[in-house]
Amino acid sequence: MIELYHCRDARSFRALWALEEMGLAYTLHTMPFPPRFLAPEYLEQNPLGTIPLMVDGETRMTESSAIPHYLATRYGPTPLALTPDEPDYGLYLDWLHRSEATLTFPQTIVLRYTRLEPEERRLQQAADDYTQWFFSRLKHLTRALSDGREWLCADRFTMADICTAYALLLAKDLGLDYKFSPEIAAYWQRASARPAFHAAKAAQDEG
Ligand SMILES: N[C@@H](CCC(=O)N[C@@H](CS)C(=O)NCC(=O)O)C(=O)O
């Protein structure tokens with residue numbers, strides 16, 4: 001049985017949503033955030049203290065944009081992953097990585113310096129600069145969607161959409177969605193309307 005260590009709406013949501021899209025059985029461990037301080041026993045499972053952690057037999061993974069692709073290729077075949085022979089394969093890999101390294105990372109700086117640090121360590125300058133960073137990188141998503149495409153790769157919903165839509169979920173949580181273009185707002189509506197998205201939300205609420 002696959003085990004997923006999770007915190008509400010954190011990056012582990014990518015893995016949770018992917019599990020639901022694939023209809024795989026899993027055990028969810030929902031923890032308070034940040035587990036490093038509020039669930040210190042978790043450090044025995046993942047010495048980094050970060051989430052997600054997905055355990056599948058001997059496989060232990062801690063990168064949220066890698067786990068959905070692992071699930072799709074390990075437990076597929078499924079249209080949720082692209083294969084190397086498809087023309088959009090490189091684009092698919094780019095979006096998987098871009099969703100985390102380019103669209104999520106700057107938001108975590110904003111989160112840290114506006115909400116997580118104690119008042120005296122908050123840094124408005126850092127938050128403002130990385131907000132701008134995020135907004136400028138978001139333009140790439142608008143461009144990608146501006147030819148009327150519904151999903152990012154291969155004219156179908158894939159793990160790249162899960163990973164990218166998670167970055168939008170975080171932006172909404174941080175109140176940064178006022179900069180969503182009409183294309184991004186519509187894309188978010190489509191992605192978050194999926195039954196597996198709602199199932200993942202319900203699963204974390206139960207947890
Ligand atoms: N690149 C990793 C980052 C993992 C990460 O930093 N997760 C955050 C939550 S979204 C975390 O665990 N923060 C708590 C901490 O660093 O103690 C991924 O995509 O999974």
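Whatever order the structure lists them in is the order used to number ligands and atoms, beginning at 1.
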Taking atom 8 (C) of ligand 1 as the reference point, the nearest protein heavy atom with its distance: Arg11 NH1, 3.4 Å
Shortest heavy-atom approach to atom 12 (O) of ligand 1 - which of Leu38, Ile51, Leu53, Leu48: Ile51
Option with minimal heavy-atom separation from atom 13 (N) of ligand 1, where the choices are Phe13, Phe105, Phe33: Phe33
Distance-only N or O hit between ligand 1 and Arg36, under 3.5 Å: yes
Distance-only side-chain donor-acceptor flag, Tyr113 / Gln125, under 3.5 Å: no
Under 4.0 Å to a heavy atom of Pro52 - the qualifying atoms of ligand 1, by number: 20 (O)
Ligand 1 to Ser65 polar contact by distance, N or O atoms, under 3.5 Å: no
Student check: side-chain heavy atoms of Met159 and Leu96 closer than 4.5 Å: yes
Pro35-ligand 1 polar pair, N/O distance under 3.5 Å: no
Enclosure of Glu44 CD (heavy-atom neighbours >12, cutoff 6.0 Å): no
Minimum-distance protein heavy atom relative to atom 20 (O) of ligand 1: Ser64 N, 3.0 Å
Side chain, backbone, both or neither: the part of Glu63 lying under 4.0 Å from ligand 1 by heavy atom: both
Using distance only, find each side-chain donor-acceptor pair of residues 185-199 under 3.5 Å and give its atom names and separation, not counting sequence neighbours.
| from | atom 1 | to | atom 2 | distance (Å) |
| --- | --- | --- | --- | --- |
| Tyr187 | OH | Asp161 | OD1 | 2.7 |
| Arg190 | NE | Glu150 | O | 3.2 |
| Arg190 | NH2 | Glu150 | O | 3.1 |
| Ser192 | OG | Trp188 | O | 2.7 |
| Arg194 | NE | Glu21 | OE2 | 2.8 |
| Arg194 | NH2 | Glu21 | OE1 | 3.0 |
| His198 | NE2 | Ser192 | O | 3.0 |

Pairwise side-chain contact, Arg98 with Arg137, heavy-atom cut-off 4.5 Å (strictly under): no
Straight-line distance of Tyr92 OH to His69 NE2, nearest 0.5 Å: 5.0 Å
CG (Asp155) with more than 12 external heavy atoms under 6.0 Å: no
Heteroatom proximity flag, Thr50 to ligand 1, N/O under 3.5 Å: no
Atom pair NE2 (His29) and NE2 (His6), whose distance is rounded to the nearest 0.5 Å: 12.5 Å
Thr62 heavy atom under 4.0 Å from ligand 1: yes
